[in-house]
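Following: one structure in structure tokens, then a few remarks.
Fair warning: this is a prediction, and the values are worked out from it, not measured in the lab. Computed over heavy atoms, backbone and side chain alike; hydrogens, waters and symmetry mates excluded.
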Amino acid sequence: MQNKKQGEIHITLYSDLCSGNGYSYYGTVDSEAEHDDLGIPFIPARRLKGCLRECAKLLSDSGLWEESTDPLNYLFGVSGDDSTKGIKIENAYISGYEQIKVGLKLLQENKEIKKYISPYEVLDLFSDVKAQTRMENGVADDNSLRFTRTIHQFSPFDKENRLEFIAKVEYPDGQEYKLKQICKSLRHIGMNRNRGLGCVKCEFKAEDKAADTKDYIKIVENVEINKDLNQKLNITVFFENPGPLIISGDDKNTTLKYISGKSVLGALAGSYLSIEGNSADDEEFVRLFLNGDTIYSDFNISDGKHNFYPAPSFLNKMKKSKKYVNSLKYSENQGYSSDDYNPANGNQPKKLKGKYLYLEKSNKSGALNILDCEPKQRVIYHHRRGDDALLYSQTALKEGQIFAGNIICGSQYYELLLGLLKNTNFNFGKSKTAQYGKCRIISLNTDIIKDFNVKKGELIYVSLASRGIFSDDYGYTQEPKKVYKIIGEQLGLLNEKADEDIQIGETDYPFCSIQPAMIYGYSGVWNLRKAPIAGIESGSTFVYKAAKDVDIKNYYVGERNLEGFGKVSIYKGDELPYELKVDNEDNKSTKADNELSNVNDEVKEILKQSLYKVLYQNILEDMLVKMDKDDSKLIMSPSTIGRVNLIVKETLPDSESVANEKYIDFAKRIVSIKRDTERNEIGKVAERFFGTKLPDKNDLGSLDIKKILGANTDKYNESEKCKIYSLLCQLTDEKKVNSHILTWWGNLMLELLANQKYLKKFN
């Protein structure tokens with residue numbers, strides 16, 4: 001295998017940038033800039049790779065490189081190639097992104113602070129919305145006004161520094177010089193690059209470390225592993241996806257909601273074969289990846305602590321009361337045992353379609369712990385340029401989610417498998433060389449598989465935790481009775497020669513709740529969907545009365561268990577009444593609110609600017625409410641208000657150090673107004689909201705922070721303004737906070753005057 005090295009692409013903005021994400025919001029933004037869930041902007045890897053490929057093509061066409069060493073296809077790949085030999089580019093994030101992301105997530109756990117750092121508040125600090133229209137003969141065309149969000153070219157943390165994005169790149173050894181030339185030739189990126197946006201400086205910087213450097217993985221071994229015995233071990237793996245995922249399923253532009261076991265198997269098998277001296281004929285390779293001794297489950301959405309599985313069909317949720325019920329626990333003789341059931345009022349069981357559940361008996365109360373979640377998806381838009389230009393979209397699993405699954409292996413191969421897990425660079429699904437597919441392991445838990453003990457005559461629920469594939473003498477089957485019999489026999493819940501009547505004895509319960517499925521595969525090389533296979537959907541449930549005592553050791557049924565198909569979850573019927581008693585005390589967080597001291601300076605700056613913005617709006621709203629009262633409205637004419645407005649603009653402070661000086665200058669001009677009515681009116685507004693009494697030629701007054709904050713009122717201590725001001729004083733020195741707030745007097749006065757002017761116009 002060719003050696004790979006790591007480097008970074010640094011992109012510095014020299015004009016505002018709009019790296020569009022394809023979304024628009026009616027009436028506000030027609031072209032939205034790409035940003036993550038926290039509101040932090042980034043440049044998507046596929047966008048960056050496409051621009052670099054264009055630059056490489058220009059350099060290649062100019063004859064800079066010899067034809068035999070043309071890096072265009074070598075570095076950037078060919079569509080449909082079954083291997084990734086060239087570069088792998090990650091999204092370009094702002095410098096210090098990981099620390100900022102951790103800090104923002106930490107603050108969002110604090111209920112008092114969370115509302116001030118919403119994604120939109122954070123995005124507003126990095127961006128502006130610009131309007132543009134189409135002109136013809138000096139006149140704007142009708143319906144041509146468009147709004148575009150652009151990312152500021154200067155950093156919100158330091159207005160003197162330009163905003164820089166950094167993208168990590170993995171590349172073949174010996175290609176540093178060419179990558180430096182390609183990156184240096186990239187001058188523009190994003191939308192409207194021929195209209196002043198997207199001017200950048202791009203540099204490539206190589207790193208002195210190999211590409212297989214791994215992050216720290218938390219490993220927990222809950223049992224003592226005996227390598228001499230062929231113990232069956234259960235390794236629980238938790239993946240996090242820093243970038244979006246597209247795991248091809250039914251078609252090329254949608255994704256499965258989970259990482260398939262086959263994908264994990266393929267990644268580990270490739271890692272094994274990349275080691276010098278290993279081959280597919282090795283016994284270890286056969287036992288780990290071919291003959292089914294080692295099983296790789298599907299990796300479903302998780303909370304980072306528990307394994308979640310597709311919601312079993314027997315478990316429903318009441319529409320209004322939100323109680324969980326066992327919908328199979330019903331018969332005409334028994335009826336519903338809950339008085340809560342009321343279809344006339346709309347309170348009836350609802351299927352948990354698309355949900356994933358963690359369902360387990362509580363250690364404290366004996367009730368059930370039931371947690372549910374659903375994987376987050378998003379639509380991502382792409383634009384292919386050139387002769388085959390096309391605008392298209394793809395549905396992807398959102399970045400920043402955790403997926404958990406199991407690997408079952410023999411203890412003698414545990415160390416080998418653990419080494420592969422530690423040293424494999426996991427990239428799943430499509431577009432693995434840019435933007436999509438990257439995953440990293442955050443923790444590994446290992447324990448011994450426990451038997452599920454069943455007594456004769458017990459009622460047992462078996463739910464498919466992954467899609468199942470079953471076959472009879474005629475091929476793949478979806479017939480409920482046949483599937484029911486296959487599962488029962490493989491788990492030992494039915495006799496080998498069960499009666500044709502699958503209802504064993506007299507029971508009040510349906511024997512199954514089944515949903516058929518068509519299982520597709522997708523070939524990236526052929527860019528085509530594989531032939532479908534008839535199977536059974538995950539969540540389908542089968543109810544048995546055990547024919548004998550049995551210790552269930554195998555939690556997989558049907559075909560192709562090696563790839564994760566046919567995993568089952570097993571429950572005892574006496575623990576599943578119609579109305580399920582739920583107690584989630586075991587899973588409630590006792591974590592205290594996080595302190596501001598635990599986050600870095602960049603996150604503090606984001607929070608500080610957001611707090612200033614919210615405080616300004618609160619102060620303005622309070623002033624407008626007070627001015628709207630009849631005894632506070634200005635009597636002066638709109639033209640006089642316009643002249644006062646001009647005075648304010650001429651005395652606006654441009655820095656914190658001159659705020660009071662500019663206010664005194666404003667006071668001097670107000671004192672010079674000849675008409676008593678206008679002079680006294682403006683003086684009263686200034687005295688009420690900003691400073692001492694005006695006008696007076698001997699004492700021109702000064703700004704008063706308490707009046708601007710409205711701290712001289714009885715309800716101030718209970719107000720939102722007081723809470724925000726206190727938070728700001730925790731972030732920085734109180735004197736600095738006061739100095740910054742004092743600079744607002746001019747803009748606040750302009751807002752008050754504009755409000756009074758237009759009220760007069762409309763009245």
Side-chain angles (χ1 to χ4, degrees), residues 8-13 16-19 21 32-45 47-48 89-128 149-169 200 205 207 215-216 240-244 304 376 378 398-402 435 438-440 442 591 593-614 724 727-728 730-732:
E8 290 181 344
I9 297 175
H10 291 246
I11 303 167
T12 307
L13 300 189
D16 290 353
L17 166 74
C18 180
S19 181
N21 64 4
E32 182 61 276
E34 185 66 277
H35 58 277
D36 67 6
D37 284 345
L38 298 171
I40 304 174
F42 68 92
I43 302 174
R47 206 80 48 84
L48 178 58
I89 299 180
E90 297 183 17
N91 294 331
Y93 294 103
I94 61 173
S95 181
Y97 170 76
E98 288 297 331
Q99 292 77 17
I100 293 172
K101 182 175 71 171
V102 170
L104 285 175
K105 287 184 176 180
L106 194 65
L107 289 181
Q108 286 181 347
E109 296 178 13
N110 188 313
K111 295 179 181 179
E112 294 296 323
I113 298 176
K114 182 179 180 180
K115 57 186 175 181
Y116 303 124
I117 51 170
S118 69
Y120 298 105
E121 297 288 348
V122 175
L123 182 60
D124 280 346
L125 298 178
F126 287 91
S127 65
D128 272 327
R149 185 181 297 278
T150 60
I151 306 304
H152 298 152
Q153 59 182 300
F154 293 100
S155 171
F157 314 121
D158 185 351
K159 300 297 183 182
E160 296 183 358
N161 291 334
R162 296 187 177 277
L163 193 62
E164 183 182 55
F165 293 86
I166 300 174
K168 294 182 179 180
V169 58
V200 299
K205 297 180 181 180
E207 295 183 4
D215 295 329
Y216 172 75
E240 182 184 22
N241 62 321
K376 298 177 182 177
R378 60 173 296 196
K398 291 184 74 171
E399 61 277 6
Q401 301 185 85
I402 297 176
Q435 188 167 346
K438 184 176 177 61
C439 283
R440 61 187 176 205
I442 56 176
K591 190 174 183 180
D593 287 342
N594 297 283
E595 299 295 332
L596 293 174
S597 57
N598 292 335
V599 298
N600 59 14
D601 293 339
E602 288 82 3
V603 176
K604 288 181 180 178
E605 183 64 26
I606 290 175
L607 177 59
K608 184 173 70 174
Q609 292 190 38
S610 181
L611 289 172
Y612 275 135
K613 182 179 177 181
V614 178
I724 298 171
L727 284 172
L728 283 168
Q730 292 180 47
L731 288 168
T732 187

message: If you apply the rule side chain to side chain contact (heavy atoms under 4.5 Å, CB included), what do you find for Gln435 with Asn91, and how did you get there?
response: CA-CA 6 Å; Gln435 188 167 346; Asn91 294 331; 3.5 Å; yes
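Note: Lys613 NZ to Ile724 CD1 = 12.5 Å, rounded to the nearest 0.5 Å. Here the straight-line distance linking atom CD1 of Ile43 with atom CD of Glu90 works out to 14.0 Å at 0.5 Å rounding. With values rounded to the nearest 0.5 angstrom, Lys604 atom NZ is found 13.0 Å from Ile606 atom CD1. Rounded to the nearest 0.5 angstrom, Glu602 CD and Ser155 OG are separated by 8.0 Å. If you take CD1 on Ile151 and CG on Leu13, they are separated by 8.5 Å, rounding to the nearest 0.5 Å. A distance of 6.0 Å separates OH in Tyr612 from OG1 in Thr732, rounded to the nearest 0.5 Å.
In terms of modelled atom types and a separation under 3.5 Å, the side chain of Asn241 and the main chain of Lys398 share a donor-acceptor contact. Under a 3.5 Å cut-off, the side chain of Glu240 and the backbone N or O of Ile442 do not form any donor-acceptor pair. A donor-acceptor pair under 3.5 Å links the side-chain atoms of His35 to the main chain of Ala33, judged by distance alone. Remark: the backbone N or O of Lys376 is paired with a side-chain donor or acceptor of Gln401 at under 3.5 angstrom.
Counting heavy atoms from C-beta outward, Leu38 and Gln108 have side chains that approach closer than 4.5 Å. Leu106 places none of its side-chain heavy atoms less than 4.5 Å from the side chain of Val603. At a threshold of 4.5 Å between non-hydrogen side-chain atoms, the residues Lys608 and Leu728 count as touching. At least one side-chain heavy atom of Glu32 sits less than 4.5 Å from a side-chain heavy atom of Asn21. In this structure, the side chains of Pro44 and Ser19 come closer than 4.5 Å at one or more pairs of heavy atoms. Residues Ile11 and Leu48 form a side-chain contact, since some pair of their non-hydrogen atoms from C-beta on lies under 4.5 Å apart.
Annotation for Ser95 and Ile100: closest pair O-CD1, 4.2 Å, computed over non-hydrogen atoms. What you find for Glu399 and Asp37 is that their closest heavy atoms are O-OD2, 4.4 Å. The two atoms that bring Ala167 and Ile89 nearest to each other are CB-CG2, 4.4 Å, heavy atoms only. Closest non-hydrogen pair, His152 versus Leu163, comes out as O-CD2, 3.7 Å.
Annotation for Lys101: atom NZ counts as buried by contact number, over 12 foreign heavy atoms lying within 6.0 Å. Within 6.0 Å of NZ on Lys114 lie no more than 12 heavy atoms contributed by other residues, nucleotides or ligands.
Under the 3.5 Å distance criterion, with hydrogens and angles disregarded, a donor-acceptor pair is assigned to the side chains of Asp36 and Tyr97. Between the side chains of Arg149 and Ser127, at least one donor N or O sits under 3.5 Å from an acceptor N or O.
Among residues two or more places apart in sequence or in another chain, the side chain to side chain donor-acceptor pair (under 3.5 Å) test is passed with Glu34 by Arg378.
A ring-ring contact (aromatic ring centres under 6.0 Å, His included) with Tyr93 holds for exactly one of Phe165, Phe42, Phe126; it is Phe42.
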